[in-house]
Amino acid sequence: MSETAQPVRVRFAPSPTGKLHIGGARTAIYNWAFARSQGGTFILRIEDTDPERSTEENTQVILRAMKWLGLDWDEGPEVGGTAGPYFQTQRMETYADALEKLKASGNVYPCFCTKETLDAKRAEAEASEGGYSGYDRTCRAIDPQEAQRRIEAGEPHVWRLKVPEDHGPIAFEDAVYGAVSFPADVMDDMIVVRTDGSPTYNFAVVCDDANMGITHVIRGDDHLSNTPRQILIYEALGLPVPTFAHLSMILGSDGKKLSKRHGATSVEEYAERGYLPDALVNFLALLGWSLDGETTIIPRSVLSAQFSLDRVTKKDAVFDETKLDWMNGCYIREMQPTQWVDAARPWLVKAGAAESDIDERPAWYAALYPLIAERMVRFDEIPAKLSYLFWGPRTHLDEKSVNKVLLKEGARAQEALMAARPIIADASIPWECDPLQERVRSLCDSLDMKAKFVFQPIRVAVCGNMVSPPLFESIELMERDDVVARIDATLEEIFGV
RNA sequence: GUCCCCAUAGUCUAGCGGUCAGGACGCGGCCCUUUCAAGGCUGAGACACGAGUUCGAUUCUCGUUGGGGGCACCA
């Protein structure tokens, strides 16, 4: 990025036609990281020119997702900026100005062909041997005087770019793909302004990027073929062409473009399922970029300092949720207990905690962290894994666990439970993990049982399941009477004593 | 159909003419252990194919095959 001494300005430009999806999020992350690493400016622009599909609600969802991901923008909605406004629908006069400029320079001409005849021609061409190869330039041949008369007579028309006849191949140096070249003769005279006077996507993008002083256009691969068209517009407008950097696609596990049937595709859904924004950012950053090929846990501080376009891959990447899970677990294990409580709050409530209780006993909730941190990868596992802490005196026995640990062991399990019960009920023993555990361990010796034959029945009785966080660390966090009550209930329910 | 792009294990990737082809997820084994995890050690697993260029190709060129994207008065 040395050929331009000017400061870096990049933008992420989503259309509010849906939620922020995974692919868009990665594009946003790369733009953000590139701006941060270059000391540049990161701009957020909303491309809402499609009134049919754009909604205010989607705009809000996108802004919320950006904030959740921690991708702060320097210019854009809510923060403003000198290159605004940042909604395309509010920049209509800039497109009108650009059109006037193109008319004046003769780089554009009116086209009176109706959508219907165009569609018919295209259908016909597609059915024939050669296939469709773009607009046939019928109206380009119309005499300017004649065209002017028809416009004044009120005939509906669009404006098309007059692609130079003698234009050589359109070549550019993509920051990711390297040298890319398109033959100019396959470019048709694209529509730049529609019948209703609104700009088409390619035209609006060029106007905005130019007016906003964008130096690097970092966007999805699906725009690679649009790039030569946009370059033609830059040229017609006499504007400098920015550096382009195209990003490969993110595919689903079946190698097909990521879509609804692959499950969660929006950032919002990942938040709801209990992924940490730092983990998602880290994971997405690595989908097409590497720091050194070795490092996988990359904090955003490193990302924002070390990101570089020359380490971006050209190959499409498959989104592998298994690895995201692992990475989320890594980030959970690095949290501070109080931080974890904050993040876990909605799921703790689902597990049975009262909001007020979380506020009143922060230390107790923070104590859950060491019990669960290395046993969870997503926050939505919390209800299933920690609800036993909120059962009070009742227990909810898992059938499979009962069969395997209590019924199958029969007398031995009953014996262990009955022997452990007085220890747990003994008020002279401090209600703490270590002394309780110590006493139960020595019980194993006196009963001549292996530890698991004593611990597992207690675990099932108290936690309801043969799989749980550490037993006495959990018991310590509960009330003695409740624990005893659960053992009694189990004894009665399973063994009838 | 046409134009453009891509190609290292199941997945994410390192590599930029000579490497035991490296790392991570996942998978197998062992250790630890009251369950499950986490952690440590360890094992299996890849250069799509075919021609060139070269003393030597994963790496450079061409072709084949496979995959992806564009070709709208959508963005």
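Both backbone and side-chain heavy atoms feed into the values below; hydrogens, waters and symmetry mates do not. Labels below follow one simple rule: chain letters A, B, ... track the order of the sequence lines, proteins then strands, and each chain is numbered from 1.
Checking B/A14, B/A75, B/A72 against every side-chain atom of A/Ser290, the shortest atom distance belongs to B/A14. With distances taken from any side-chain atom of A/Lys315 to the nucleotides B/U8, B/C12, B/C25, the minimum falls on B/U8. Of the candidates B/U11, B/C6, B/U35, the closest approach to any side-chain atom of A/Val467 belongs to B/U35. Residue A/Leu224 places its side chain closer to B/C5 than to any other of B/A75, B/C25, B/C5. Between B/A72, B/A75, B/A14, one nucleotide has an atom nearer to the side chain of A/Glu47 than all others, and that is B/A75. Distances from the side chain of A/Leu287 to the nucleotides B/C6, B/G69, B/C12 place B/C12 closest. Distances from the side chain of A/Val180 to the nucleotides B/A24, B/C25, B/C5 place B/C5 closest.
Judged purely by distance below 3.5 Å, without hydrogens or angles, the side chains of A/Tyr388 and A/Ser474 pair a donor atom with an acceptor atom.
Using a 4.0 Å heavy-atom cutoff across all strands shown, A/Cys330 reaches no nucleic acid atom at all. Here A/Pro14 lies out of heavy-atom contact (under 4.0 Å) with every strand. Using a 4.0 Å heavy-atom criterion, one finds that A/Ser468 contacts the bases of the nucleic acid, with or without backbone contacts as well. Within 4.0 Å (heavy atoms only), A/Lys385 reaches no atom of the nucleic acid at all. Using a 4.0 Å heavy-atom criterion, one finds that A/Thr49 contacts the sugar-phosphate atoms exclusively. Heavy atoms of A/Ser181 sit under 4.0 angstrom from primed sugar atoms or phosphate atoms, though from no base atom. Heavy atoms of A/Ser225 sit under 4.0 angstrom from at least one base atom. Within the nucleic acid shown, A/Lys257 comes within 4.0 Å of sugar-phosphate atoms alone, with no base atom in reach, counting heavy atoms only. Residue-level contact check: A/Arg53 touches the bases, meaning some heavy atom is under 4.0 Å from a base atom. At the heavy-atom level, A/Gly220 lies nowhere under 4.0 Å from the strands shown. Across all strands, A/His246 comes closer than 4.0 Å to no nucleic acid atom at all (heavy-atom distances).
To the nearest angstrom, P of B/G70 lies 25 Å from OH of A/Tyr135. Look at CG on A/Asn328: it is 18 Å from P on B/A37, rounded to the nearest Å.
Aromatic pair A/Phe172/A/Tyr177: ring centres not closer than 6.0 Å. Aromatic ring centres of A/Phe472 and A/Phe455: separated by under 6.0 Å.
In A/Glu438, the CD atom is not crowded: 12 or fewer heavy atoms of neighbouring residues, nucleotides or ligands sit closer than 6.0 Å.
Interface remark: the A/Lys323 side chain does form a donor-acceptor pair with the B/C12 base, using a distance-only criterion of under 3.5 Å. For A/Thr322 against B/C25, a side-chain-to-base donor-acceptor contact under 3.5 Å is absent.
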- Query: Can you check salt bridge (Lys or Arg N to Asp or Glu O under 4.0 Å) on A/Arg412 and A/Glu415, steps first, answer last?
  - Reply: CA-CA 5 Å; A/Arg412 185 161 53 172; A/Glu415 186 187 2; over 6 Å; no

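Residues A/Glu321 and A/Arg378 are not paired through a salt bridge, judged by the lack of any N-O separation under 4.0 Å between the basic side chain and the carboxylate.
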